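This report refers to the structure that appears directly beneath it.
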2 protein chains.
Amino acid sequence: MPRDTLTREQIIQTAVELLDAEGLEGLNMRSLGRRLGSAATAVYWHVKSKDNLVVLAGDRVWDEIKLPDPGAVGWRAAATSMATDLYGMLTRHPWLMQAMPSYLFHGPGKARHDDHSLAVYEAAGFVGAEADQAAATVFTFVLGNALGESATASLTRRLSRDGGDPEELIRDTMAQAAEVAMGFPRLRARVQAMETIDYGGAPDDSFEFGLRAIFDGLEARLALR
Amino acid sequence: MPRDTLTREQIIQTAVELLDAEGLEGLNMRSLGRRLGSAATAVYWHVKSKDNLVVLAGDRVWDEIKLPDPGAVGWRAAATSMATDLYGMLTRHPWLMQAMPSYLFHGPGKARHDDHSLAVYEAAGFVGAEADQAAATVFTFVLGNALGESATASLTRRLSRDGGDPEELIRDTMAQAAEVAMGFPRLRARVQAMETIDYGGAPDDSFEFGLRAIFDGLEARLALR
DNA sequence: GCCCGTATTGCACAAAGTTCAAGTCGGTGT
DNA sequence: ACACCGACTTGAACTTTGTGCAATACGGGC
């Protein structure tokens, strides 16, 4: 029986957990080693570098996205499902948005997603490059939305790390932003509206609003054929 | 006459230059100091930390975006101008996309942009929260697009840094991605199409395609009122 | 039981952010 | 003119973190 040894899989798995818990800047080889019960440098036998590991971990999480059959549920439902799944995945793993502008992700996990995304838009009626463009439109829109979530997640972690109540410190940041906003008429109006009316989860609203608008625009384009 | 001393402004300016040239991971306090003709730690008198400096620099570049009057050119032209300006700005300063998921940018530079963006969509006919949502939709779409540019810029820099011809190494990366794509029917078809047909700047096409689709979707929503 | 490929360890170095005590400069009040 | 004070700068040092390297341990096959 072979010795109980580290696995590439196990390392990637643990890296994802650590990234979820501590964020991209919280991942370091020593704490990863501690979590794996081995020396930090043991990881280098299985993985070329930390960058490499991040890419590996960043490809893995795409598997969490379901791939609904557009023939069964209709292309718009399938596309909506994939978009919201993607948004959810990026919110669960905010470090991926931090990694994406720095590394290219072209692994099998993302390929699985991309391929099915194309299938959905081809099922909708887009042909050739137009399917690519339609898919890319929705895809980039979701990425842009997830960016905001990632930023607040990162901020929360940073604040709670150097001590203190995160809630209070976030309110500080908000107040600071509000002060800047006061110099601009329309932003000031928003701040005041948020103070008087009890303001609920606007970001989600904005995501669904945008998604509907994009699908409407795409459908209009389909109708022109 | 006061001594010729470092300025916050001058530091931010130089930081932007360095970030443009070397990327986010290429910015370090020692080379910044060298470029400023002073000790690295002199910067800390004017700026709290490196993170703080990145936020400052990241707010500055929003000033490059023009703010066209929607009353003069029409809302759709104004919105298009702002979206393409934003995309151009983010492409010129790819490090901003790397910084955005990690920090919140709520400075005056971004506020100036955001306020006018709201003005444009209010001029279009959106009222209250709908103006926010319409603006956010286009905004996040542009961010998502810029993300890809940022990733390739970052890759190019990394490759050319550790020696060798960037062109050749990029081709290596592409080939690697193509190999993965071979396992998926639709992606494989794309790769083969790129090999036979001479494939030109698709990303820009995708950006304009998506922007048109979004505006179409938004206009349809306006027509429902 | 020896040997070799696989896997792990501890050490050490370099890069980079930041702190701190000490210094330098120039304007100000007397 | 001179001392002083606050604004600004410096250099050394400490810390964290990624990673290379040589030594070592483990275990299966001859």
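Small disclaimer: the values here were computed from a predicted structure and weren't measured. Letters A, B, ... are given to chains in the order of the sequence lines, protein chains preceding strands, and every chain is numbered from 1. The figures here come from the full heavy-atom set of this structure, side chains too, leaving out hydrogens, waters and symmetry mates.
B:Leu24 has its CG atom 13 Å from the P atom of C:dA16, to the nearest Å. Across the protein-nucleic acid pair, A:Tyr44 atom OH and C:dC11 atom P stand 18 Å apart, rounded to whole Å. The interatomic distance linking A:Asn28 (CG) with C:dA16 (C1') rounds to 15 Å, in whole Å. Remark: P of D:dG18 and CG of A:Asp51 are 10 Å apart, rounded to the nearest angstrom. Between the CG atom of B:Asn52 and the P atom of C:dT19 there is a distance of 12 Å, rounded to whole Å. Rounded to a whole Å, the CD atom of B:Glu22 is 11 Å from the P atom of C:dA16. Across the protein-nucleic acid pair, A:Arg34 atom CZ and C:dT9 atom C1' stand 16 Å apart, rounded to whole Å. Separating the CG atom of B:Leu32 from the C1' atom of C:dT18 is a distance of 14 Å, rounded to the nearest angstrom.
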Please output the side-chain donor-acceptor pairs of residues 182-193 of chain A that fall under 3.5 Å, not counting sequence neighbours, one pair per line with the distance.
{"residue": "A:Arg186", "atom": "NE", "partner": "B:Asp115", "partner atom": "O", "Å": "3.4"}
{"residue": "A:Arg188", "atom": "NH1", "partner": "A:Met182", "partner atom": "O", "Å": "2.7"}
{"residue": "A:Arg190", "atom": "NE", "partner": "B:Asp132", "partner atom": "OD1", "Å": "2.8"}
{"residue": "A:Arg190", "atom": "NE", "partner": "B:Asp132", "partner atom": "OD2", "Å": "3.4"}
{"residue": "A:Arg190", "atom": "NH1", "partner": "A:Arg186", "partner atom": "O", "Å": "3.4"}
{"residue": "A:Arg190", "atom": "NH1", "partner": "B:Glu122", "partner atom": "OE2", "Å": "3.2"}
{"residue": "A:Arg190", "atom": "NH2", "partner": "B:Glu122", "partner atom": "OE2", "Å": "3.1"}
{"residue": "A:Arg190", "atom": "NH2", "partner": "B:Asp132", "partner atom": "OD1", "Å": "2.8"}

Which atom pairs, one a donor and one an acceptor, fall under 3.5 Å between side chains of residues 37-45 of chain B and the rest of the protein, sequence neighbours left out?
none

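A:Leu36 comes within contact range of no nucleotide atom at all, as no heavy-atom separation falls under 4.0 Å. The residue A:Leu53 sits apart from the nucleic acid: no heavy atom pair falls under 4.0 Å.
Shown here is A:Gln176, whose CD atom has no more than 12 heavy atoms of other residues, nucleotides or ligands within 6.0 Å.
Residue-to-nucleotide proximity on DNA chain C shows that, of A:Arg30 and A:Ala40, the 5′-proximal contact is made by A:Ala40. Mapping B:Gly37 and A:Glu25 onto DNA chain D via the closest heavy atom, the residue that lands nearer the 5' end is B:Gly37.
Residues A:Tyr87 and A:Glu149 have side chains in contact (heavy-atom distance under 4.5 Å, counting atoms from C-beta outward).
Here B:Glu9 pairs with B:Arg60 under the side chain to side chain donor-acceptor pair (under 3.5 Å) rule; sequence neighbours left out. Contacts of A:Glu22 classified as side chain to side chain donor-acceptor pair (under 3.5 Å), with partners at least two apart in sequence or in another chain: none. Annotation: ring pair (Phe, Tyr, Trp, His ring centres under 6.0 Å) contacts of A:His113 (sequence neighbours excluded): A:Trp62, A:Phe139.
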Between protein and nucleotides 5-9 of chain D, what N or O pairs are separated by less than 3.5 Å?
{"residue": "D:dC8", "atom": "OP2", "partner": "B:Trp45", "partner atom": "NE1", "Å": "3.2"}
{"residue": "D:dC8", "atom": "O3'", "partner": "B:Thr5", "partner atom": "OG1", "Å": "2.6"}
{"residue": "D:dT9", "atom": "OP1", "partner": "B:Thr5", "partner atom": "OG1", "Å": "3.0"}
{"residue": "D:dT9", "atom": "OP1", "partner": "B:Leu6", "partner atom": "N", "Å": "2.8"}
{"residue": "D:dT9", "atom": "OP2", "partner": "B:His46", "partner atom": "NE2", "Å": "2.7"}

